[in-house]
Amino acid sequence: MKLARPSSPSTRGTFALTAAVLAIGLLLVGSPARGQDAPRGPIAPPPERHVTRITSDAEPEAPPALPEAEIIKRFTDKEENYLRARANYTYRRTVRIQEFGPDGQPSGEFVVVTQPARDVDGKYFEKVVERPHSSLQHLFLRTEDIEGLQSVPAFPITAGQLAKYNLKYLGKEQVDEIDCYIFQARPKAVERTKAYFDGIVWVDAKYLEVVKTYGKWVTDQGDMHSVAQLPFSLFETYRENVDGKFWFPNYSRSDETLNQKGLAIPVRIVIKWTDFKPAPATPAAAAPAPAAPAAPPAKP
């Protein structure tokens, strides 16, 4: 069953404002306050987005009236399924980091394009497929400086991780005219060697699939910054339908201000995942050739 809903500029603007106020207020409770006079990144409208709901499930006659625990169970089960499925896909990941000048316009950028690959030992890594280029004015970045992005899980809260989180139902809101349940997610405990999601999750109220997330990753050392030298921690991430049954992240963005040598430099990172394709099957190891029959004993 396929159901398409075109995005609405007015709905998107109202949603962005409400969600930003809600999410930032919840995320920064108990965190050290930032300088009130520190300038933020340029305020720009989000890109035009179109959310198309495609599901392999039959469309229910009406949105289900389910207990919160059942809603959580259903969408985290699907997240677990999507996590496993994504490992069987290739894609192109484009990372763009921009600096902005006093006029609010981009003054330089760093761009690198990668795709997943495995080394001879079967270990996963991101292979650079387009030579990175940089026109940044204040920063010198290398491909190695964004390797921390690989440690950010694509699916924050799966069924396997659910026991490590407290989820609180906050209400309902629309994302591009799609009715969504809103949940606040916070880790029950933090660790040094593993980061946990602390933020907001929007879940399609009809199909119980994650539409969007907004939050940060935390350890017992504080907020995790996935790009060396840069202050990015809060990310807004959208999903894309792949093959009519999986919802994978396809767009993530963060805006911050970099304080360097007395300058307050607005910076932005945008990550896009495109060209999802099933990964080629790993060739099976060749079966050993059958042993040759033993020669009969020589006659005397």
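Given the structure is predicted, the values throughout are model-derived calculations rather than measurements. All heavy atoms count here, side chains included; hydrogens, waters and symmetry mates do not.
For the pair K188 (side chain) and A163 (backbone), a donor-acceptor distance under 3.5 Å is present. Listed for the S135 side chain is a donor-acceptor partner under 3.5 Å among the backbone atoms of E109. Checked by atom type and distance alone, the side chain of D145 pairs as donor or acceptor with a backbone atom of R142 at under 3.5 Å. The backbone N or O of K245 lies less than 3.5 Å from no partner atom in the side chain of D243, so there is not a single donor-acceptor pair. Using modelled atom types, no side-chain atom of Q98 and backbone atom of P106 make a donor-acceptor pair closer than 3.5 Å. Remark: the backbone N or O of Q137 is paired with a side-chain donor or acceptor of E99 at under 3.5 angstrom.
Across F100 and I265, no two heavy atoms sit closer than the pair O-CG2, 4.2 Å. In terms of heavy atoms, S233 sits closest to E256 at OG-OE2, 4.2 Å. Closest heavy-atom contact between S254 and L234: OG-O, 2.7 Å. Closest of all the heavy-atom pairs between L149 and R93 is CB-NH1, 3.6 Å. In this structure, K127 and A117 approach most closely via the heavy-atom pair CB-CB, 4.0 Å. Here the closest non-hydrogen pair linking F110 and L141 is CE1-O, 3.6 Å.
When the options Y238, Y89, W273 are evaluated for a ring-ring contact (aromatic ring centres under 6.0 Å, His included) with F248, the one that passes is Y89.
For the pair V218/D223, a side-chain contact is recorded, criterion being any heavy-atom separation below 4.5 Å from C-beta on. Taking the side chain as every heavy atom from C-beta outward, Q115 and T90 never approach each other to under 4.5 Å. Put simply, the side chain of F75 reaches to within 4.5 Å of the side chain of L167, judged on heavy atoms. Under the 4.5 Å side-chain criterion, counting only non-hydrogen atoms from C-beta, L66 is in contact with R74. Within the 4.5 Å cutoff, the side chain of P231 has heavy atoms near those of the L258 side chain. Within the 4.5 Å cutoff, no side-chain heavy atoms of Y91 are placed close to those of N250. Using a 4.5 Å cut-off on side-chain heavy atoms (C-beta onward), V203 and F183 make contact. Looking at H225 and L230, their side chains never come closer than 4.5 Å, going by heavy atoms from C-beta outward.
Atom CD of E147 is separated from atom OG1 of T114 by 10.5 Å, given to the nearest 0.5 angstrom. Atom OG1 of T76 sits about 10.5 Å away from atom CG of L208, to the nearest 0.5 Å. Separation of atoms NZ (K168) and CD1 (I72) is listed at 12.5 Å; rounding is to 0.5 Å. Expressed to the nearest 0.5 Å, how far CD of Q229 lies from CZ of F140 amounts to 9.0 Å. To the nearest 0.5 Å, atoms OG1 (T257) and CG (L263) are separated by 12.0 Å. With rounding to the nearest 0.5 Å, the separation of CD1 in I269 from CD1 in I146 is 7.0 Å.
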Run F197 and T213 through side chain to side chain contact (heavy atoms under 4.5 Å, CB included) and show every step you take. CA-CA 10 Å; F197 181 72; T213 60; 4.2 Å; yes
Going through the distances and angles, do V152 and M224 end up as a side chain to side chain contact (heavy atoms under 4.5 Å, CB included)? CA-CA 9 Å; V152 178; M224 184 181 79; 3.6 Å; yes
Yes or no on side chain to side chain contact (heavy atoms under 4.5 Å, CB included) for V190 and D198, after CA distance, side-chain angles and deciding distance? CA-CA 10 Å; V190 289; D198 184 356; over 6 Å; no
Derivation of the salt bridge (charged side-chain N to carboxylate O under 4.0 Å, His left out) call for E79 and R239: CA-CA 12 Å; E79 291 289 275; R239 301 292 185 89; 2.7 Å; yes
Between V111 and R96, does a side chain to side chain contact (heavy atoms under 4.5 Å, CB included) hold up when you go through it step by step? CA-CA 5 Å; V111 181; R96 186 182 307 274; 3.3 Å; yes
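The aromatic rings of Y196 and Y165 stand perpendicular to each other, their planes meeting at an angle above 60°, with 30° marking the opposite boundary. Aromatic ring pairs are classed by plane angle as parallel below 30°, tilted from 30° to 60° and perpendicular above 60°; the pair F246 and Y82 is perpendicular.
Note on V201 and I71: same hydrophobic cluster, where clusters join Ile, Leu, Val, Met, Phe, Trp and Tyr whose side-chain heavy atoms are under 4.5 Å apart, directly or indirectly.
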